[in-house]
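All remarks here apply to the structure that follows.
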Amino acid sequence: VTLTNASHGFGTIAPFTQQSNAADPLTLSLDASTPAGTVIPLTLTLTYEGYSQSEPFSIDVGQPIPYVTDDAEVFLGWTLGVPGDDATRGKFEWGDPSGTTSGSDITQPEDDHTPGSGHNCFVTGKAGGAAGDNDVDDGKTTLVSPRFNLAAAPSATLKLWRWYTDLGGTPNNDDLLLQISNDDGASWSNLEVLGHTENSWREVSFRVADYIAPTSTMRLRVVAQDKPNDSVCEALIDDLSIEVFEDQPLFNVFGRPGLNQPVAFHLTGHAGDSFLLFVSSGTGDYVVPGVIGHLLLDPSVLIRVLSGVVPATRLSRTLVTIPSEPALVGFTAYFQAAVFSSQATYLSSRDEMTIEQ
Ligand SMILES: [Ca+2]
Ligand SMILES: [Ca+2]
Ligand SMILES: [Ca+2]
Ligand SMILES: [Ca+2]
């Protein structure tokens, strides 16, 4: 990283006027080998009349690409409630929330966050009524995401939109927890502990590697609780997304692969690239002449499951329903895509799913 003109003197600025350094701007140069996703910390210091004021900020190298999206319009098998939950009302549900109010405050919104035709989200007791009828009471309720694979996406940033109300008799004495696991839920790290009402849809964003090492067995957990039990407590979650800076094609499955249940197949690429997605019952590691990336499937049992073109968003997303075939329970399917750009042919990262009941 090279800074050119890293400082600039404005001289004397007359009252109620402004000065610009546009003719001689501060310039930041990066070595071309700087990896995408690198975060460059910078500090802007303003010095004037003997005072000095510093503002830290950072810039990300490269352009983020969507890797997982879940607008919650289709239920992808999130876990609603876990052993140990003790809330008696207002447990996490999936669906279309009914609005509630307390005085002039909206406690539960009538609408989910997804723009346009969206209706559904995750909500603590989706029914309406009085503010205290279907809010969290007597303890905690937990929402857990399906497993997601970040092994090939260490630059991942997880984003979601949340709503949190903690009003009523004793407001703001509870915590909404956003937590992440890299060992399939065996242990959890806090992303955010929110201890006060933010009763509007707000986006929060977490660079995963700042909190925990990215692995193939990641999960997100949300815990809402009325403890002590004296508040109108509501939590809503919508529009989860994961963005990455890795430029090579990445494939992942998002959703609980239960019989007759939908999962989302996600493949990143460049707009206009065509692709073929393959499934195999086994893995391998083979060099394929003329192709970038290794074949990570057992080539003796390759079946083509999908073909398509990567859209302008750079993420191809296809919902696939697991067959309703009990004999498949326990079967592990491995997936990898071949992606064809005008310059080269690539093999994507591999992901897998083990079919559940
Ligand atoms: Ca939604
Ligand atoms: Ca509710
Ligand atoms: Ca309550
Ligand atoms: Ca409380």
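Whatever order the structure lists them in is the order used to number ligands and atoms, beginning at 1. Remember, it's a predicted structure, so these values are computed and weren't measured experimentally.
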Residue Asp71 atom name (nearest to the Ca ion (ligand 1); N/O/S): O

Metal-centred angle, the Ca ion (ligand 2) as apex - OE1 of Glu234, O of Thr124, 10° resolution: 80°

Angle subtended at the Ca ion (ligand 2) by OE1 of Gln108 and O of Asn134, nearest 10°: 170°

The Ca ion (ligand 2) reached by Gly125 (N, O or S, under 3.0 Å): yes

Metal site the Ca ion (ligand 2): N/O/S of Asp133 inside 3.0 Å: no

Metal site the Ca ion (ligand 3): N/O/S of [X] inside 3.0 Å:
{"X": "Asp137", "result": "yes"}
{"X": "Val232", "result": "no"}
{"X": "Asn229", "result": "no"}

Vertex the Ca ion (ligand 1), rays to OD1 in Asp238 and OG1 in Thr114 - rounded to 10°: 90°

Geometry at the Ca ion (ligand 1) - Asp112 OD2 versus Asn120 O angle, rounded to 10 degrees: 80°

Hydrophobic cluster membership, Trp78 vs Leu150, 4.5 Å side-chain cutoff: yes

Cluster check Leu240, Val208: I/L/V/M/F/W/Y, side chain < 4.5 angstrom: yes

Angle subtended at the Ca ion (ligand 3) by Ser231 O and Asp135 OD2, rounded to 10 degrees: 80°

The Ca ion (ligand 1) to nearest N/O/S of Glu73 less than 3.0 Å: yes

Do the side-chain N and O atoms of [X] and [Y] include a donor-acceptor pair separated by under 3.5 angstrom?
{"X": "His119", "Y": "Asp112", "result": "no"}
{"X": "Asp71", "Y": "Thr114", "result": "no"}
{"X": "Ser348", "Y": "Arg350", "result": "no"}
{"X": "Asp174", "Y": "Ser231", "result": "yes"}

The Ca ion (ligand 3) - name of the N/O/S atom of Asp226 that sits closest to it: OD2

Parallel, tilted or perpendicular: ring planes of His266 versus Phe254, cut at 30 and 60 degrees: tilted

Ring geometry between Phe335 and Phe251 (parallel below 30°, tilted from 30 to 60°, perpendicular above 60°): tilted

Closest heavy-atom pair and its distance - Cys233, Asp135: N-OD2, 3.1 Å

